[in-house]
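Below is one structure, written out as structure tokens; the observations come after it.
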Amino acid sequence: MPEREWWREAIVYQIYPRSFNDSDGDGVGDIPGIVEKVDYLEDLGVDGVWLNPVYESPMEDNGYDIADYRAIHPRFGTMADWERLLEELHSRGMRLIMDLVVNHTSEEHEWFVRSRAGDPAYRNHYVWREGEPDGPAPNNWESFFRGSAWRYDDEREAYVLHLYDESQPDLNWENPDVRADVFEMMRWWLEKGIDGFRMDVINLISKSDGLPDGDPETEGLPVGAEHYVNGPNLEAHLEEMYEEALADYDAMTVGETVGMEAEEASAYIGDDRALNMAIHFEHMNVDRGDGGKYDPVDLDLLEFKEIVTRWQEALADEGWNCLYFSNHDQPRTVSRFGDDGEYREESAKMLATVLCTLRGTPFLYQGQEIGMTNTSFEDPADVEDVWAQNFLEEALEGDRYDSFEDVRPVLEECSRDNARTPMQWSDDDCAGFTDGQPWLGVTDNYDEINVEAARADTDSIWHYYRELFALREEYETLVYGEYELLCTDHPEVFAYERSLEDERLLVVCNFFDERSAIELGLEGEVANRLLGNYEEEPSFSGTLELRPYEAAVYRLS
Ligand code: GLC
């Protein structure tokens, strides 16, 4: 059994501050707004919060373009507000995890301003290369957000690398001064009392020596990715980070690891290391084709089970899984892997069951607890996210789509904006999120799908989550127990066993909107249902007959 750690037992709730709760009517969520909802989080029963970036930023990428790591963006409040939030969470026994974005900064960050001006102390803080303004760029790398990963900077008269938006230049991690500055900043936050970091695209920090051209045929990831995904010095940089910034604190860390595969993960993840767990993407790519983010394909449950199982097994002895189906970069879980129409409640509960009964720490994204759905775009102007805007522009220039109406279904299925619409608190105007004009349109089903309604209905998704959290608390097996996949080849049902010492729990989940039978071979065993998303128990006599999106957790004896 892995060592007991608070973060193994925790349920983490992700807050996207812009869209959570607006306290001052400017249409943008803020920290005092989160403070107002701390009791809500306690009632829901989560143990900690991961807060998306609230730092000073020009907001080209909604705060992932940081201009000052030690300051709170005035739109979100003040440092005193933030301290209050920390206090309110801590006084209820909840933790606070901050977002650490150190692959890049904003071009407005002082380090960049000085680097661009040639200040010797900061000259090499970023990845600069010589070149002529009209090209060619130093290599063929592409940005994740489309287009070249290089921008010519007129002031410095050189190219600067940006794996994300033009305004997000990459830090040069090969420069020891950069590492020292980052580690000092991390310690500064830990000293303020935070409980850990979620590290943005952390496995991209080390780039291959000489920045060679990438293979132009790369699929799924931008051209050049093989030269910085788990780059040559990643392990060394993370080791140094652990020693210099983390070793003295009881902090939990979770790294966002783009393109990392299960087999590679144990090289970076572990208890006394910079990364306790990883936000990997393998299961997020399962319903995407070779074109990547905006190329949706049907879910193949066999592949999904294979990926989940590979990660469960790869981190069984050393390391730990971060469990998630949704976050601010992904469409809404129920629309994506469930059914946001007829079976919204059943399928959201089924997905909740998987999320909370696999081995790992469940991360819940705001709104998931009430089964919030994807949104719709009436007009190109409704598209807010920089990635989606770039995709739309390129799509309309190319010949695959004729018009906005043509691209619209893809946006409505894949855009990051789906996750960023305001939290639906009630059926009041703007879903109770703001008294002003919300920065992004509220999804129009808020009169039906909202927190107030979900709390009032004891059979709701919200209450089901609470039951799942209680079950995890009661059965340690759900946290620490071993995982074993059952009925591997069943194309519709995900079934697995969790076991610890003598205790055995069985989880069965139907991922489709049709009835499905499964032969579990449990003759002679008594199965007690502990939780399920249909009131009446499914019939269980050798075969288990599952209704659409049915989920059940059993105790075997
Ligand atoms: C991560 C963040 C995403 C951001 C990107 C660049 O993937 O989750 O929101 O746009 O990094 O920082």
Side-chain angles (χ1 to χ4, degrees), residues 12 14-20 29 50-67 69 73 97-109 112 126-127 141-147 149 151 160-171 173 182 197-205 207 220-222 224-225 228-230 253-260 275 277-285 288 292-294 322 324-332 363 365-366 383-391 414-421 439-440:
V12 179
Q14 183 191 346
I15 292 186
Y16 195 67
R18 271 181 161 254
S19 308
F20 191 62
W50 150 28
L51 197 60
N52 282 106
V54 286
Y55 315 99
E56 185 65 69
S57 159
M59 295 284 169
E60 294 297 333
D61 185 22
N62 287 4
Y64 280 94
D65 45 328
I66 298 176
Y69 287 111
H73 194 295
I97 311 298
M98 294 295 278
D99 220 309
L100 181 78
V101 189
V102 289
N103 174 68
H104 44 265
T105 68
S106 157
E107 59 182 357
E108 291 184 15
H109 194 288
F112 186 78
Y126 294 82
V127 185
W141 294 7
E142 288 172 350
S143 146
F144 277 84
F145 291 166
R146 293 178 179 255
R151 177 180 71 73
V160 67
L161 179 71
H162 62 90
L163 294 185
Y164 289 87
D165 188 56
E166 284 202 349
S167 64
Q168 294 168 295
D170 280 50
L171 282 165
W173 273 74
V182 167
F197 290 110
R198 174 269 186 189
M199 302 186 195
D200 193 61
V201 298
I202 195 66
N203 67 323
L204 310 187
I205 56 178
K207 280 84 179 170
L221 287 171
Y228 54 76
V229 166
N230 310 331
T253 54
V254 51
E256 187 193 27
T257 53
V258 183
M260 187 180 279
L275 303 182
M277 45 190 140
I279 302 176
H280 73 84
F281 286 80
E282 279 203 80
H283 65 311
M284 289 288 122
N285 296 334
R288 296 293 178 257
K293 184 109 183 148
Y294 291 96
C322 158
Y324 80 100
F325 291 146
S326 178
N327 60 37
H328 64 291
D329 292 329
Q330 301 293 341
R332 291 281 174 182
F363 279 59
Y365 180 66
Q366 66 187 40
V383 179
E384 271 287 337
D385 172 39
V386 38
W387 196 343
Q389 285 171 349
N390 292 351
F391 162 73
C414 306
S415 166
R416 302 198 294 182
D417 287 322
N418 283 309
R420 301 176 180 186
T421 60
W439 73 277
L440 180 67

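Fair warning: this is a prediction, and the values are worked out from it, not measured in the lab. Order of listing sets the numbers, starting from 1, for every ligand and every atom in it. Side-chain atoms are counted along with the backbone in the values below, which use heavy atoms only and exclude waters and symmetry mates.
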Is D200 reaching over with its side chain to a backbone N or O of L100, donor-acceptor style, under 3.5 angstrom? no
Distance from atom 4 (C) of ligand 1 to nearest protein heavy atom, with residue and atom: D61 OD2, 3.3 Å
What are the atoms of ligand 1, with element, lying closer than 4.0 Å to any heavy atom of H104? 6 (C), 12 (O)
Which atoms of ligand 1 sit under 4.0 Å from any heavy atom of R416? 3 (C), 4 (C), 9 (O), 10 (O)
Looking only at heavy atoms of R198, does any of them come nearer than 4.0 Å to an atom of ligand 1? yes
Less than 4.0 Å is my threshold; does some heavy atom of F145 fall inside it relative to ligand 1? yes
Is the closest basic N to carboxylate O distance between R420 and D329 below 4.0 Å? yes
Quick one: does any side-chain atom of Y365 pair with a main-chain N or O of A419 as donor and acceptor, under 3.5 Å? yes
Among all protein heavy atoms in this structure, tell me which lies nearest to atom 8 (O) of ligand 1, with the distance rounded to 0.1 Å. D329 OD2, 2.4 Å
Residue, atom name and distance, where the atom is the protein heavy atom closest to atom 11 (O) of ligand 1: D200 OD1, 2.9 Å
Could you tell me how the ring of W439 sits relative to the ring of Y16: parallel (under 30°), tilted (30 to 60°) or perpendicular (over 60°)? tilted
Using ring centroids (six-membered ring only for Trp), state whether H109 and Y126 fall under 6.0 Å. no
Quick one: look up the protein heavy atom nearest atom 7 (O) of ligand 1 and list residue, atom name and how far away it is. E256 OE2, 2.9 Å
Please work out which of the three classes, parallel, tilted or perpendicular, describes the rings of H104 and Y164, given edges at 30° and 60°. tilted
Could you tell me, atom by atom, which parts of ligand 1 come under 4.0 Å of a heavy atom of V201? 1 (C), 7 (O), 11 (O)
Result for salt bridge (charged side-chain N to carboxylate O under 4.0 Å, His left out) between D385 and one of R416, R18, K293 points to R416
